[in-house]
Protein chains: 2
Amino acid sequence: MKKDVNLTVQALQRMPYYLQCLRKVKENGIQIVSATAIANELNLNDVLVRKDISMICTTKGKPKTGFIVDELIENIEDYLGYNNTMDAILVGVGSLGKALLGNSEFNKFGLNIIAAFDIDEDIINQVICGKKVFAIEKLQNLCERMHIHIGIITVPAEFAQEVADKFVNSGIKAIWNFALIKLSVPEDVLVQNENLAASLAVLSQHLRNEMDENK
Amino acid sequence: MKKDVNLTVQALQRMPYYLQCLRKVKENGIQIVSATAIANELNLNDVLVRKDISMICTTKGKPKTGFIVDELIENIEDYLGYNNTMDAILVGVGSLGKALLGNSEFNKFGLNIIAAFDIDEDIINQVICGKKVFAIEKLQNLCERMHIHIGIITVPAEFAQEVADKFVNSGIKAIWNFALIKLSVPEDVLVQNENLAASLAVLSQHLRNEMDENK
DNA sequence: TGGATATCGATATTGTAATACTGATAAAAT
DNA sequence: ATTTTATCAGTATTACAATATCGATATCCA
Ligand SMILES: NC(=O)c1ccc[n+]([C@@H]2O[C@H](COP(=O)([O-])OP(=O)(O)OC[C@H]3O[C@@H](n4cnc5c(N)ncnc54)[C@H](O)[C@@H]3O)[C@@H](O)[C@H]2O)c1
Ligand SMILES: NC(=O)c1ccc[n+]([C@@H]2O[C@H](COP(=O)([O-])OP(=O)(O)OC[C@H]3O[C@@H](n4cnc5c(N)ncnc54)[C@H](O)[C@@H]3O)[C@@H](O)[C@H]2O)c1
């Protein structure tokens with residue numbers, strides 16, 4: 001794997017789809033696949049797929065046939081870090097927080113939520129899906145001691161910034177933010193927003209177009 | 001509002017952030033705001049903000065001062081459809097499905113989940129957060145009868161395509177897909193993917209960069 | 001009242017992601 | 001053996017989103 005390169009965010013986000021497609025191909029017993037075939041399956045341009053592959057894979061494709069499926073899968077999994085797990089903590093054990101804690105699929109993606117935090121006395125010290133919930137005061141100590149660099153925010157929007165600040169003080173470098181708010185953090189800290197309102201906006205516009213067309 | 005225009009997906013996704021920012025400004029008692037100020041708050045380019053605003057707002061800005069906050073808020077809310085609610089149904093009442101059903105914020109964004117569907121006998125006929133869970137067989141009839149055009153998929157990936165097919169047959173035109181799989185649907189149906197694996201990929205790459213730098 | 005300044009809207013430029021093109025090559029077909 | 005075909009890799013082009021520039025204008029301050 002070429003681990004020194006950096007993909008664009010767009011290319012990076014296509015990778016899980018490639019992986020899904022490649023695994024499906026593999027299940028069908030196919031060992032060699034062309035970029036064209038992947039592109040058709042995922043409704044992408046074939047040159048784009050070839051370029052994405054060339055960015056992170058050492059494997060070369062063979063004309064007329066394509067790439068070795070197993071090698072592509074391995075290269076992509078390596079690049080995405082599916083083979084060496086990152087530890088993370090989660091703050092806000094409400095309904096969304098619980099759903100995330102219970103999501104067994106994260107392990108497959110190299111993410112391991114090792115603990116959760118909340119302010120609600122009723123939740124603190126409970127164990128949710130095998131993960132203990134601590135008082136928020138214990139956040140910094142635990143993060144530093146365990147060298148945690150990923151934090152997940154699932155508290156209501158009005159508390160998200162104060163949680164983010166705590167994260168920053170605890171050495172967290174990547175924040176996965178499910179609250180609908182723009183967080184302020186230092187440059188070296190990445191915020192990945194999971195913004196449902198933005199998604200809804202896309203759905204809503206499409207629907208309006210559809211309705212307008214049919215009348 | 002200029003409801004005949006279509007924003008790019010990027011612009012559309014910025015809108016909820018503008019709204020959040022404008023509401024905060026309004027709370028502080030400020031009635032007029034400049035594109036520059038919004039841009040600074042959200043770490044965007046001021047020309048970009050001005051252009052986005054001009055796309056969907058009838059309001060003109062005044063040199064030296066800016067735009068009337070209330071008018072911007074109203075225009076954006078209108079464009080995003082926050083004022084006329086869209087009805088939706090959800091399939092897959094697992095941990096994520098339940099979290100979404102219980103999310104009271106959706107109403108603020110113009111989304112109203114009116115019912116849910118599952119195959120699990122234990123869940124069918126239950127009422128989760130005021131929403132009744134029906135057997136999946138009742139999907140088509142209910143969608144057609146209630147003129148539902150938005151469907152939410154929160155079933156495991158392997159069942160997502162069959163649910164999508166049922167959606168298409170029931171007249172659904174916009175699918176909000178939380179399963180990690182690329183769905184095949186007709187052209188006129190929009191799929192908005194909420195792909196956690198893609199987000200994780202971004203977090204993972206950033207973290208690897210950070211780690212590499214510090215050694 | 002006149003000059004300085006911040007912002008606007010419109011237009012030009014830049015930058016980057018996606019796509020098209022070209023020659024090379026391996027496999028299949030004639 | 002030769003031709004055809006599908007694909008690859010590299011390079012060129014295109015398309016479009018983001019940013020910079022510029023004249024106009026409303027407000028503020030001397
Ligand atoms: N529920 C959903 O479907 C959903 C989906 C996407 C995003 N979100 C967002 O996720 C966030 C949480 O949503 P939810 O529905 O789980 O809410 P919730 O009210 O069920 O849970 C919030 C939890 O955060 C805890 N909390 C509050 N302040 C805290 C603090 N300062 N420190 C630590 N813990 C704190 C509360 O005790 C509670 O347990 C919200 O911002 C929401 O917009 C929710
Ligand atoms: N849990 C999370 O945090 C989370 C986050 C993001 C995305 N997702 C995705 O959302 C999906 C659901 O996740 P989950 O954790 O809620 O799973 P879950 O197992 O808790 O729930 C799945 C539900 O779907 C129902 N179901 C299965 N097949 C069905 C069918 N054909 N028709 C109708 N209902 C059916 C099941 O009965 C169950 O109630 C998965 O694809 C997962 O990858 C989960």
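Below, chain A is the first sequence line, B the second, and so on; all start at residue 1.
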- Task: Can you run down the ring pair (Phe, Tyr, Trp, His ring centres under 6.0 Å) pairs that involve residues 42-67 of chain B, sequence neighbours left out, and say none if there aren't any?
- Result: none
- Got a donor-acceptor contact below 3.5 angstrom from the A:Asn112 side chain to the A:Ile114 backbone? no
- Item | Between C:dA17 (C1') and A:Arg50 (CZ): distance, integer Å | 17 Å
- Message: Using a strict heavy-atom distance below 4.0 Å, which residues from residues 24-48 of chain B are in contact with DNA chain C?
- Response: B:Ser34, B:Ala35, B:Thr36
- Under 3.5 Å, is there a donor-acceptor pair between the side chain of B:His206 and the main chain of A:Lys173? yes
- What pairs of residues pass the ring pair (Phe, Tyr, Trp, His ring centres under 6.0 Å) test when at least one of them lies in residues 143-174 of chain A, not counting sequence neighbours? none
- Task: Check every nucleotide of DNA chain D for an atom under 4.0 Å from a heavy-atom of chain B, then give the first and the last such nucleotide from 5' to 3'.
- Result: D:dA17 to D:dT27
For nucleotides 25-27 of chain C, give me every protein contact, N/O to N/O, under 3.5 Å, one pair per line with atom names.
{"from": "C:dA27", "atom 1": "OP1", "to": "A:Lys62", "atom 2": "NZ", "distance (Å)": "3.2"}

- Query: Does B:Val93 offer a backbone N or O that forms a donor-acceptor pair with the side chain of B:Asp118 under 3.5 Å?
  - Reply: yes
- Message: If we check salt bridge (Lys or Arg N to Asp or Glu O under 4.0 Å) with A:Arg23, which of these qualifies: A:Glu41, A:Glu74, A:Glu77?
- Response: A:Glu77
- Using a 4.0 Å heavy-atom cut-off across all strands, classify B:Lys60 as base, sugar-phosphate, or nothing. sugar-phosphate
- Pairs flagged by ring pair (Phe, Tyr, Trp, His ring centres under 6.0 Å) wherever residues 83-113 of chain B is involved - sequence neighbours left out: B:Tyr82-B:Phe109, B:Phe106-B:Trp176
- Task: Give, for atom OG of A:Ser170 and atom CD of A:Glu144, the distance between the pair rounded to the nearest 0.5 Å.
- Result: 6.0 Å
- Message: Closer than 3.5 angstrom, by distance alone: can the side chain of A:Thr154 be matched with the main-chain N or O of A:Gly92 as a donor-acceptor pair?
- Response: yes
- Separation of C:dT16 atom C1' from A:Leu7 atom CG, nearest Å, is 15 Å
- Message: Can a donor-acceptor pair be found, under 3.5 Å and without considering hydrogens, that links the side chain of A:Asn45 to the backbone of A:Val49?
- Response: no
